[in-house]
Amino acid sequence: MAVPFIELNNGRTIPAIGFGTFQSKPEEAVDAVCYALKEAGYRHIDCAWVYGNEASVGKGIEASGVPRSEIFITSKVWGTYHSRVEESLNQTLANLGTDYLDLYLMHWPVPLNPKGNHPSFPTLPDGKRDVDHAWDIRDTWKQMEGLVKKGKVKTIGVSNCSQTKLEHLLETAEIVPAVNQVRLRVCVCVCVCVCMRACMQFFFLSLDLGYAIPGGEREERHLNPLSSPPLFIFIVFRD
């Protein structure tokens, strides 16, 4: 499978189609990632700390035999780690078996209480999400910029970011986000349209088809009656 590459705003390139690992069970991810790289020809693997399967993804990458230099790896820092981005990245790097990421994203521009009642999805007594309203995402971004300077990530970007959030972040940003990854599905098209307004020029960069998503219990519970896999689209920012 010949996949075209698209140039980012820092001169680096990204494969136009990526293999997603959202909701891929750890026991399935090893074989799925290995097959994607070795047999299907994918060269972009999309991961995230909160998916809980990065160790299995790392094993799949190793089993594929494809050199690290030929693979573009994306991962994301989760909301409970906005105040300790490098700690989250170090976990991701160890699990994936690599010493750098090609692309690191702020998964959501919503900081969550790092000392809440759950490591990933803390809630308040009334059941609402425990958001850390005192934390500024510009400070999250500053930490991410520091990781670029250290060489631990090559490119940084955002995910699920609205125009308002992006404008706030850009007030102090030294590095302009390279991409804004958003999820496209009929029931969330309004969110996607809001995100698209964040830039005057963009390309639909990557259709990221997650493995083991169709018919998944969580998908059916929240998104019923839709049954097709979601598409994860990267909006590429231009200078």
If you look at every heavy atom in Pro26 and Gly52, which pair is closest and at what distance? CG-O, 3.9 Å

Under 3.5 Å, is there a donor-acceptor pair between the side chain of Arg43 and the main chain of Leu37? yes

For residues 128-138, pull every pair meeting salt bridge (charged side-chain N to carboxylate O under 4.0 Å, His left out), keeping only residues two or more places apart or in separate chains. Asp136-Arg138, Arg138-Glu171

Say you draw a straight line from NZ of Lys25 to OG of Ser56; how long is it, rounded to the nearest 0.5 Å? 13.0 Å

Specify the closest pair of heavy atoms between Thr21 and Cys47, including all atoms of both residues, with the distance to one decimal. OG1-CA, 3.5 Å

Testing the 3.5 Å rule here: is there a donor-acceptor pair between the side chains of Thr74 and His44? yes

Looking just at side-chain N and O atoms, do Asn53 and Ser24 make a donor-acceptor pair shorter than 3.5 Å? no

Tell me every residue that passes side chain to side chain donor-acceptor pair (under 3.5 Å) with Gln143, counting only those two or more places apart in sequence or in another chain. none

Parallel, tilted or perpendicular, judged at 30° and 60°: which one describes the rings of Phe22 and Tyr51? tilted

Under 3.5 Å: donor-acceptor pair, side chain of Asn9, backbone of Pro177: yes

Begin with the C-alpha distance, continue with both residues' side-chain angles, and end with the deciding distance and a verdict on side-chain contact (heavy atoms from CB on, under 4.5 Å) for His82 and Leu112. CA-CA 8 Å; His82 273 232; Leu112 300 175; over 6 Å; no

I want to check something: taking the side chain as every heavy atom from C-beta on, are Thr172 and Lys142 in contact at a cut-off of under 4.5 Å? no

Please tell me whether Phe121 and Val77 are part of a single hydrophobic cluster in this structure, the criterion being side-chain heavy atoms less than 4.5 Å apart. yes

Joint cluster assignment, Val110 & Ile137, ILVMFWY side-chain distance < 4.5 Å: yes

Would a 4.5 Å heavy-atom cut-off, applied to side chains only, mark Ile6 and Thr13 as touching? no

Closer than 3.5 angstrom, by distance alone: can the side chain of Ser159 be matched with the main-chain N or O of Gln181 as a donor-acceptor pair? yes

Go through it in stages, so that I can follow the logic: the residues are Leu103 and Phe72, the test is side-chain contact (heavy atoms from CB on, under 4.5 Å), and I'd like the CA-CA distance, side-chain angles, deciding distance and then a yes or no. CA-CA 8 Å; Leu103 178 62; Phe72 189 101; 3.6 Å; yes

Side chain to side chain contact (heavy atoms under 4.5 Å, CB included) against Pro119, all qualifying residues, sequence neighbours excluded: none

If I compare all heavy atoms of Gly60 with all of Val33, which pair ends up nearest, and what's the gap? C-CG1, 3.9 Å

All side chain to side chain donor-acceptor pair (under 3.5 Å) counterparts of Gln91, not counting sequence neighbours: Trp49, Tyr81

Report the residues that fulfil side chain to side chain donor-acceptor pair (under 3.5 Å) with Thr92, sequence neighbours left out, ordered by chain and then residue number. Glu54

Please determine whether side-chain contact (heavy atoms from CB on, under 4.5 Å) holds for the pair Asn113 and Thr80, giving the CA-CA distance in whole Å, both sets of side-chain angles, and the decisive distance to 0.1 Å. CA-CA 6 Å; Asn113 184 0; Thr80 49; over 6 Å; no

Give the cluster check for Tyr100 versus Ile45: same hydrophobic cluster or not, with ILVMFWY residues linked at side-chain heavy-atom distances below 4.5 Å. no

How long is the span from the OG atom in Ser75 to the CG atom in Leu101, to the nearest 0.5 Å? 6.0 Å

Not counting sequence neighbours, which residues clear side chain to side chain contact (heavy atoms under 4.5 Å, CB included) with Ala63? List them please. Cys34

Are Tyr104 and Val85 close enough, and set up right, to give a side-chain contact (heavy atoms from CB on, under 4.5 Å), and what steps lead you there? CA-CA 10 Å; Tyr104 200 38; Val85 176; 3.7 Å; yes

Sequence neighbours left out, what passes salt bridge (charged side-chain N to carboxylate O under 4.0 Å, His left out) with Glu174? Give chain and number order. Lys149

So Val158 and Trp108, do their side chains get closer than 4.5 Å, heavy atoms only? no

Do Ile17 and Val66 sit in one hydrophobic cluster, given that two such residues count as connected whenever their side-chain heavy atoms are within less than 4.5 Å of each other, even indirectly? yes

Under the salt bridge (charged side-chain N to carboxylate O under 4.0 Å, His left out) definition, can you give me all pairs with a residue in residues 9-23, not counting sequence neighbours? none

Can you pull the salt bridge (charged side-chain N to carboxylate O under 4.0 Å, His left out) pairs that have at least one residue in residues 71-83, sequence neighbours excluded? Asp46-Lys76

Do His118 and Thr123 have side chains that get closer than 4.5 Å, going by heavy atoms? no

Residue pairs passing the salt bridge (charged side-chain N to carboxylate O under 4.0 Å, His left out) test with at least one member in residues 90-117, sequence neighbours excluded, are Arg68-Asp102

Looking only at non-hydrogen atoms, find the nearest pair between Val3 and Ala16 and report the distance. CG1-N, 3.6 Å

When rounded to the nearest 0.5 angstrom, what is the spacing between CG in Asn180 and CG in Asn160? 7.5 Å

Answer with yes or no whether the side chains of Ser88 and Trp78 bring together a donor and an acceptor at under 3.5 Å. no

Verify the cluster assignment for Tyr35 and Phe19: are they in a single hydrophobic cluster under the rule of side-chain heavy atoms below 4.5 Å apart? no

So which heavy atom on Gly11 is nearest to which on Glu7, and how close? CA-OE2, 3.7 Å

Sequence neighbours excluded, which residues qualify as side chain to side chain contact (heavy atoms under 4.5 Å, CB included) partners of Lys152? Glu86, Leu89, Asn90, Leu93, Leu147, Lys150

Any side-chain heavy-atom pair from Ile156 and Leu105 closer than 4.5 angstrom? no

Mind checking what makes side chain to side chain contact (heavy atoms under 4.5 Å, CB included) contact with Pro125, not counting sequence neighbours? none

Under a 4.5 Å cut-off applied to non-hydrogen side-chain atoms, are Leu96 and Ile73 in contact? yes

Measure the OG1-CG distance between Thr155 and Asn10 for me, rounded to the nearest 0.5 Å. 4.0 Å

